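To keep things clear, I will list the structure first and then write my remarks on it.
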There are 2 protein chains.
Amino acid sequence: MSKNDTRYKILIAAADIVQTDGILDLTLEAAAEKAGVSKGGLLYHFPSKDALIEGMVEFLMKNYAESIKMGAEQDLSQTGKWTRAFIKETFLQSTSNRSMDAGLMAAAAINPNLLKPVQDAYEEWQNHIEHDGLDPILATVLRLAVDGLWFSEIFGLAPLEDNRRKLVLERLIQLTQDNEE
Amino acid sequence: MSKNDTRYKILIAAADIVQTDGILDLTLEAAAEKAGVSKGGLLYHFPSKDALIEGMVEFLMKNYAESIKMGAEQDLSQTGKWTRAFIKETFLQSTSNRSMDAGLMAAAAINPNLLKPVQDAYEEWQNHIEHDGLDPILATVLRLAVDGLWFSEIFGLAPLEDNRRKLVLERLIQLTQDNEE
DNA sequence: GACAAAAAACCGTCTAGACGGTACAGTAAA
DNA sequence: TTTACTGTACCGTCTAGACGGTTTTTTGTC
């Protein structure tokens, strides 16, 4: 069992707890037990609870940020490529990878400072989106709609059923294609 | 001091704590002290912490739901009135009344079941918005954008600066006015 | 409208348990 | 010999909730 395997197992376990039982049930002991590691073992990898949350946030941001960048680079059309990448990747992530939410919520609850990396990433994306060859207000609306979808799924606030979700995605993409500045 | 006054004071105090110090600092004692009530007094009104959160959620939903309904009723144009009311009221609430966030976050953190009333209200609004005389996909996009704005402000994820925020609001409203089904 | 009884509103202390974190001795593998 | 743990014991602090007591308000009765 390599160092990274155990770390990974702990992060997944922690995300799982947040997701199913709520933030308040995320304790070091509970996370350790769920990961099949002793409390000492957990503290070996994450010397404090803040460090654990930090790890969760890092973990969630890593793939996400890279995917968006890659999506933008591979887009054949220059106009609106960042906005499209952001839309597509968020739609994808929020179906497949619910542990995203867990890290975010845990950080917000336990230590808002830990949200910094997410905030920084968003600033960058927002900047790209505003200078994407689209009408910046429209581009911003699209970005917000994507976040709204995520939000609605985190909190279960009238989340869209599958078909509608797909139609919304298509519409958002379409709106990036015929609204040049 | 009537029963309702004290209840109200406790709810405000609790929302205040969540808002300024974070969810984890919301304890019964802290809420009681801030409300100028003893812990026993607080427990008289809210027999458990869950009950307190429940009260917060109820409180936040009451005005919000009523405002949206009123906004829709007073709208001179039939087409898109619910969507417009939802947009306007959420923009307003999320500038003026941060206790929305507090209740929501507290519930999500402490006991996700307590989100039920919010979820129910959202189901209703989503239903209105989808049958508002607008293209339902567009209407849904607008709704999501509004939620996204709220979300971005709660977590500080590239929140819009004042002027852009205003322009986005105007654009959203405008989109409800020239997109009949 | 005086007054007692009852109910409602509220106080403040106490307790049992949980939690984050420390310390440390030991183990198994690389 | 270092890395990656296990396991246990422990400490200080915090907190939800219980509880018994006290004040204030309401209600019924004359």
Side-chain angles (χ1 to χ4, degrees), chain A residues 1-18 20-59 102-103 105-114, chain B residues 1-18 20-59 102-103 105-114:
Chain A
M1 182 68 62
S2 88
K3 180 171 183 171
N4 283 336
D5 281 356
T6 305
R7 255 187 75 96
Y8 180 76
K9 268 184 5 190
I10 294 170
L11 290 174
I12 295 293
D16 229 53
I17 290 169
V18 173
T20 58
D21 303 325
I23 300 159
L24 289 199
D25 285 355
L26 175 61
T27 67
L28 298 182
E29 256 165 20
E33 194 193 356
K34 189 149 208 163
V37 171
S38 70
K39 187 177 173 181
L42 186 149
L43 285 164
Y44 176 78
H45 289 285
F46 304 99
S48 71
K49 195 169 183 179
D50 273 16
L52 174 61
I53 311 289
E54 206 180 322
M56 293 172 76
V57 172
E58 236 168 65
F59 177 67
M105 295 290 292
I110 284 158
N111 186 348
N113 295 331
L114 300 173
Chain B
M1 183 67 63
S2 89
K3 181 172 183 173
N4 283 336
D5 281 355
T6 306
R7 255 187 78 95
Y8 180 76
K9 267 180 13 186
I10 294 169
L11 290 174
I12 295 292
D16 228 54
I17 289 169
V18 173
T20 57
D21 304 325
I23 300 158
L24 291 197
D25 285 352
L26 175 60
T27 66
L28 298 183
E29 252 165 25
E33 195 194 355
K34 189 149 207 163
V37 171
S38 73
K39 191 174 175 182
L42 185 149
L43 283 165
Y44 174 78
H45 290 284
F46 303 99
S48 70
K49 194 168 184 178
D50 273 17
L52 174 60
I53 311 290
E54 208 181 321
M56 292 174 73
V57 171
E58 237 168 66
F59 176 66
M105 294 295 291
I110 283 158
N111 187 347
N113 296 330
L114 300 173

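Proteins come first, then strands; the chains are lettered A, B, ... in the order of their sequence lines, and each starts at number 1. Excluded from the calculations below are hydrogen atoms, water molecules and symmetry mates; all remaining heavy atoms, backbone and side chain alike, are included. Since the model is a prediction, treat every value here as computed from it, not as a measurement.
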request  = Evaluate the criterion side-chain contact (heavy atoms from CB on, under 4.5 Å) for residue pair D25(A) and V18(A); output intermediate values, then yes/no.
outcome  = CA-CA 7 Å; D25(A) 285 355; V18(A) 173; over 6 Å; no
request  = Please test I12(B) against F59(B) for side-chain contact (heavy atoms from CB on, under 4.5 Å), starting from the C-alpha separation and ending with a verdict.
outcome  = CA-CA 10 Å; I12(B) 295 292; F59(B) 176 66; 4.1 Å; yes
Give every pair of a protein N or O atom and an N or O atom of nucleotides 19-24 of chain D that lie under 3.5 Å apart, one pair per line with the distance.
none

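Every residue two or more places apart in sequence or in another chain was checked for a salt bridge (Lys or Arg N to Asp or Glu O under 4.0 Å) with K49(A), and none qualifies. Partners of K39(A) according to the salt bridge (Lys or Arg N to Asp or Glu O under 4.0 Å) rule, which considers only residues two or more places apart in sequence or in another chain, are E29(A). Legend: residues meeting salt bridge (Lys or Arg N to Asp or Glu O under 4.0 Å) with E33(A), ordered by chain and number and at least two apart, are absent. For D50(B), the side chain to side chain donor-acceptor pair (under 3.5 Å) test picks out N111(B), with sequence neighbours left out.
Contact annotation: H45(A) reaches the phosphate of dC5(D) (side-chain N/O to OP1 or OP2, under 4.0 Å). Residue T6(A) places at least one side-chain N or O under 4.0 Å from the OP1 or OP2 atom of dC5(D). Between K39(B) and dG12(C) there is no side-chain polar atom (N or O) within less than 4.0 angstrom of OP1 or OP2.
Note: CD1 (I110(B)) to C1' (dA18(C)) measures 16 Å, nearest angstrom. Spacing between atom CD1 of I53(B) and atom C1' of dA16(D) amounts to 13 Å, rounded to whole angstrom units. Between the P atom of dA8(C) and the CZ atom of R7(B) lies a distance of 16 Å, rounded to the nearest Å. In this structure, the CZ atom of F46(A) is 14 Å from the C1' atom of dC5(D), given to the nearest Å. In this structure, the OH atom of Y44(A) is 17 Å from the P atom of dG7(D), given to the nearest Å. Protein atom CG of D5(B) is 9 Å distant from nucleotide atom P of dC10(C), rounded to whole Å. Distance L42(B) CG to dT13(C) P: 16 Å, rounded to the nearest Å. For the pair K9(B) NZ and dA9(C) P, the computed distance is 14 Å after rounding to whole Å.
Nearest heavy atoms, A107(A) versus L114(A): CB-CB, 4.1 Å.
Residues L24(A) and L24(B) form a side-chain contact, since some pair of their non-hydrogen atoms from C-beta on lies under 4.5 Å apart. Two residues are said to be in side-chain contact when any heavy atoms from C-beta on lie closer than 4.5 Å; F46(A) and L11(A) meet this criterion.
Near DNA chain C, meaning a heavy atom under 4.0 Å away, the residues from residues 25-38 of chain A are L26(A), T27(A), L28(A).
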